[in-house]
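See below for the structure under consideration.
The first residue in the sequence is number 1, and the count goes up from there.
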Amino acid sequence: IGKPSGIVIHHSLTKDGNTESWTSIKKYHVETLGWADIGYHGGCEIVDGKMRGFDGRPIDTIGGHTVGRNNMLGFCFVGNFDSSAPSDEMLIYGAQYVAGWCRMFDLSIDKLHKHSETAPKTCPGTSFPWDKFLTLVKRYI
């Protein structure tokens, strides 16, 4: 895809638990939806009480996460952040991950977008602390 034009932030809208959900999300995207790979380029979740990060599609390939915006990278916070906010640990981890992409591709903070900006969804969640997340990303850039 060359240089991505931005980054879209998502939540999985699924309840996070003690087992890894990333593999199930990938299985759904590939086996049910018929996609070549998981739609996101990266993500994070808490598995058995420990923060884990996941690489998804290669960052040089078109995503499958936002209709009309798949030339952007997609990052997914696993969990339902309509019902509650992500933990500080998860927010910090995700901000560091996304800041790495910003540094790699020379993307400024204004190139980060909520999925809800382009789709009739609440993504990354009505309880997701967007301003706090942007402040953290800016700090880590």
Side-chain angles (χ1 to χ4, degrees), residues 1 3-141:
I1 65 174
K3 179 182 174 180
S5 60
I7 301 169
V8 179
I9 306 300
H10 302 263
H11 71 147
S12 64
L13 198 58
T14 56
K15 184 179 181 210
D16 198 16
N18 291 331
T19 59
E20 179 191 314
S21 299
W22 189 258
T23 304
S24 297
I25 295 168
K26 179 174 181 168
K27 183 177 179 178
Y28 173 73
H29 286 181
V30 173
E31 294 180 12
T32 303
L33 299 179
W35 298 352
D37 200 347
I38 193 167
Y40 313 109
H41 295 91
C44 66
E45 70 174 302
I46 296 174
V47 179
D48 201 21
K50 295 183 178 119
M51 178 55 48
R52 298 221 15 228
F54 296 92
D55 293 326
R57 288 184 183 215
I59 58 175
D60 61 349
T61 61
I62 294 288
H65 54 86
T66 307
V67 174
R69 298 282 178 102
N70 284 320
N71 59 328
M72 296 185 181
L73 296 173
F75 186 86
C76 183
F77 286 89
V78 176
N80 180 348
F81 303 114
D82 281 338
S83 57
S84 63
S87 68
D88 284 345
E89 179 184 20
M90 179 177 262
L91 206 61
I92 289 167
Y93 185 93
Q96 290 173 334
Y97 197 111
V98 168
W101 284 345
C102 290
R103 288 190 307 272
M104 183 182 304
F105 294 107
D106 193 29
L107 296 171
S108 61
I109 201 82
D110 65 324
K111 297 297 183 181
L112 273 63
H113 304 280
K114 300 178 206 175
H115 185 207
S116 61
E117 292 175 26
T118 61
K121 300 176 181 277
T122 60
C123 203
T126 55
S127 296
F128 189 90
W130 184 252
D131 291 339
K132 182 177 181 179
F133 175 70
L134 292 179
T135 299
L136 287 167
V137 172
K138 194 171 188 177
R139 178 186 306 163
Y140 297 122
I141 290 176

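- A donor-acceptor pair is defined here as one N or O able to donate and one able to accept, closer than 3.5 Å; no such pair exists between the side chain of Q96 and the backbone of Y93.
- Looking at heavy atoms from C-beta onward, V8 lies out of side-chain contact with E117 at the 4.5 angstrom threshold.
- Remark: I141 CD1 to L107 CG distance equals 8.0 Å, nearest 0.5 Å.
- Distance CG/L136 to CG/L91: 5.5 Å, rounded to 0.5 Å.
- A donor-acceptor contact shorter than 3.5 Å links the side chain of Y97 to the backbone of F54.
- Panel note: side chain K3, backbone F105; a donor-acceptor pair is recorded below 3.5 Å.
- The minimum heavy-atom distance linking S127 with P86 is given by the pair O-CD, 4.4 Å.
- Summarising the geometry of T66 relative to N70, their closest heavy-atom pair is N-OD1, 2.9 Å, with the distance given to 0.1 Å.
- The backbone N or O of C123 sits less than 3.5 Å from a side-chain atom of S116, completing a donor-acceptor pair.
- Nearest heavy-atom pair across I25 and V78 is CD1-CG2, 4.1 Å.
- Atom NZ of K138 is separated from atom CG of D110 by 9.5 Å, given to the nearest 0.5 angstrom.
- Taking the six-membered ring where tryptophan is involved, the planes of Y40 and W22 are tilted, since the angle between them lies from 30° to 60°.
- Put simply, the side chain of C102 does not reach to within 4.5 Å of the side chain of K111, judged on heavy atoms.
- Between the side chain of H41 and the main chain of G74, a donor-acceptor pair closer than 3.5 Å is present.
- Side-chain atoms of R103 come within 3.5 Å of backbone N or O of Y140 as a donor-acceptor pair.
- A heavy-atom distance below 4.5 Å is not found between the side chains of H113 and T118.
- One finds the CG atom of D82 at 12.0 Å from the CZ atom of F128 (value rounded to the nearest 0.5 Å).
- Within the model, atoms CD1 of I46 and OG of S87 stand 3.5 Å from one another, a figure rounded to the nearest 0.5 Å.
- Nearest heavy-atom pair across M72 and P4 is CA-CB, 4.3 Å.
- Among all heavy-atom pairs drawn from K132 and D88, the shortest one is NZ-OD1, 2.7 Å.
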Full working for ring pair (Phe, Tyr, Trp, His ring centres under 6.0 Å) between F133 and F77: CA-CA 12 Å; F133 175 70; F77 286 89; 5.6 Å; yes

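- When atom types are taken as modelled, the side chain of H115 and the backbone of H11 share no donor-acceptor pair closer than 3.5 angstrom.
- Taking each heavy atom of C76 and S12 in turn, the nearest pair found is SG-N, 3.6 Å.
- With E20 contributing its side chain and V47 its backbone, the two residues share no donor-acceptor pair below 3.5 Å.
- For the pair D37/K26, a side-chain contact is recorded, criterion being any heavy-atom separation below 4.5 Å from C-beta on.
- Taking 4.5 Å as the limit, some side-chain heavy atom of W130 sits within range of a side-chain heavy atom of P124.
- Atom NZ of K114 and atom NE2 of H10 lie 13.5 Å apart (nearest 0.5 Å).
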Stepwise side-chain contact (heavy atoms from CB on, under 4.5 Å) test for I59 and M104: CA-CA 11 Å; I59 58 175; M104 183 182 304; 3.3 Å; yes

